[in-house]
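Worksheet for the structure shown next.
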Protein chains: 2
Amino acid sequence: MITMEKVFSHTRQNDSTQTLTKKLRGVGLRATRQRLDIGNLLFSGKDRHVTAESLHDEAVAAGIRISLATIYNALNQFRDAGLLREVLVDPSRTYFDTNTSSHHHFFNVDNGHLTDIPHDEISVSCLPTLPEGQIIDGVDVLIRIKPDA
Amino acid sequence: MITMEKVFSHTRQNDSTQTLTKKLRGVGLRATRQRLDIGNLLFSGKDRHVTAESLHDEAVAAGIRISLATIYNALNQFRDAGLLREVLVDPSRTYFDTNTSSHHHFFNVDNGHLTDIPHDEISVSCLPTLPEGQIIDGVDVLIRIKPDA
DNA sequence: TATTTGTTTAGAATTATTCTAAACTGTTGA
DNA sequence: TCAACAGTTTAGAATAATTCTAAACAAATA
Ligand SMILES: [Mn+2]
Ligand SMILES: [Mn+2]
Ligand SMILES: [Zn+2]
Ligand SMILES: [Zn+2]
């Protein structure tokens, strides 16, 4: 079947692609096919926590042709641009978080799953005085959880 | 000069070595020369934060003959035994902490230095409900700091 | 002391991540 | 519309932290 999308694929794009293109250009990155594909995986539904490997597997499963090196490049560029946050939970791999707002995490040590804790559901009273001449760059709270008993 | 320590070196050991030996045996580890050397570096003065590489460099500088593999083995065994804690701050290397009590950290993103925050100098109000059937394994607060301006 | 079991270590292997450099593509100004 | 340029992708090599292997060695035990 021939659709309008197909016919005008060189000049027309769907909504999410336009939004993504703006988002990428907004941070000084070209809207390449690979970045749009990754962006669609990352920024289309709810917030996500991914690793380079998990995202690459997902892309491959979705029939997207993209190298692992490009996934690494894109994740690092997106992070540097503020489109993603890096979350420290596992010393053996780097997690990226599409939720860039200030929030915290549950980390299931049993299965490696990360869950967001909304910013307002936790309160850190930061009484300690900072070292001289230093300011806060960020506060991360990680609550490690495990199966009962 | 001939000292008592030297003469009786096979049967007598100094205080810190005896203490360390007990500590190691207490967790089911033999008090080998290498573990005692590492233990002396780790548990003699104030609390410390080290990486395998930094501790190995320190040992070498102190004239201690020990392989990097043994440092890795010992750090992992000490952690498993509860003599050390692993601290997540840098996705590219593993930090170990001689302070195993519940406490938190400042992490200077500029120079990589870790500083303890005493347990009572920070308060985390954990309002969020845990996922079903899960219990808390630990809570880590990391305050990333950087030079002013 | 002889035996056993745990430990150390050199060097190889593993693995996440980055790098290199050549092919390719998005952007832009004419 | 398109040439030219700068940015991007990628295969494969390189890097680096960490773990593994297996042989030599040392601590515990009887
Ligand atoms: Mn990184
Ligand atoms: Mn480890
Ligand atoms: Zn998150
Ligand atoms: Zn500490």
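Reminder, nothing fancy here: chain letters follow the sequence lines and each chain counts from 1.
Computed from coordinates, the A:H56 NE2 to C:dT17 C1' distance equals 14 Å when rounded to whole Å. Taking atom CG on A:D90 and atom P on D:dA17, their separation rounds to 17 Å, with Å as the unit. Distance B:E53 CD to D:dT18 P: 9 Å, rounded to the nearest Å. Rounded to a whole Å, the CG atom of A:N76 is 13 Å from the P atom of D:dT9. Rounded to whole angstrom, the span from the CG atom of B:L24 across to the P atom of D:dA26 amounts to 18 Å. When rounded to the nearest whole Å, the span between CZ of B:R93 and P of D:dA16 equals 10 Å. For A:L36 and C:dT25, the CG to C1' distance is 13 Å, given to the nearest whole Å. Between the OH atom of B:Y72 and the P atom of D:dA16 there is a distance of 13 Å, given to the nearest Å.
B:L142 places none of its side-chain heavy atoms less than 4.5 Å from the side chain of B:H104. For the pair A:F96 and A:V87, the minimum side-chain heavy-atom distance is 4.5 Å or more. Looking at heavy atoms from C-beta onward, B:F106 lies out of side-chain contact with B:L114 at the 4.5 angstrom threshold.
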Side chain to side chain donor-acceptor pair (under 3.5 Å) assessment of A:H105 paired with A:D140: CA-CA 8 Å; A:H105 295 96; A:D140 291 325; over 6 Å; no

For B:T70 and B:S67, run side chain to side chain donor-acceptor pair (under 3.5 Å): C-alpha distance rounded to whole Å, both residues' side-chain angles, the deciding distance at 0.1 Å, then the answer.
CA-CA 5 Å; B:T70 299; B:S67 77; 3.1 Å; yes

Exercise. Going through the checks in order, is the side-chain contact (heavy atoms from CB on, under 4.5 Å) test met by B:L36 and B:L24?
Worked result: CA-CA 9 Å; B:L36 290 171; B:L24 290 170; 4.0 Å; yes

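Cluster note: B:I135 groups with no other residue, as no ILVMFWY side-chain heavy atom lies under 4.5 Å from it.
Residues A:N40 and A:L20 approach most closely at N-CD1, 3.5 Å, considering heavy atoms.
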Under 3.5 Å, N/O pairs linking protein and nucleotides 3-8 of chain C:
from, atom 1, to, atom 2, distance (Å)
C:dT5, O2, B:R30, NH1, 3.4
C:dT5, O2, B:R30, NH2, 3.2
C:dG6, O4', B:R30, NH1, 3.3
C:dG6, O4', B:R30, NH2, 3.0
C:dT7, OP1, B:R30, N, 3.4
C:dT7, OP1, B:R35, NH1, 2.7
C:dT7, OP1, B:R35, NH2, 3.1
C:dT8, OP1, B:T32, OG1, 2.5
C:dT8, O3', B:Q34, NE2, 2.8

Would you tabulate the pairs of protein nitrogen or oxygen atoms and nucleotide nitrogen or oxygen atoms of nucleotides 28-30 of chain C closer than 3.5 angstrom?
none

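If you look at A:H113 and A:H49, their ring centroids are not closer than 6.0 Å.
Checking the phosphate oxygens (OP1, OP2) of C:dT17, a side-chain nitrogen or oxygen of A:T94 falls inside 4.0 Å.
Closest contact between the side chain of A:A69 and the listed nucleotides D:dG12, D:dA17, C:dA16 involves D:dG12.
The residue B:T51 sits apart from the nucleic acid: no heavy atom pair falls under 4.0 Å.
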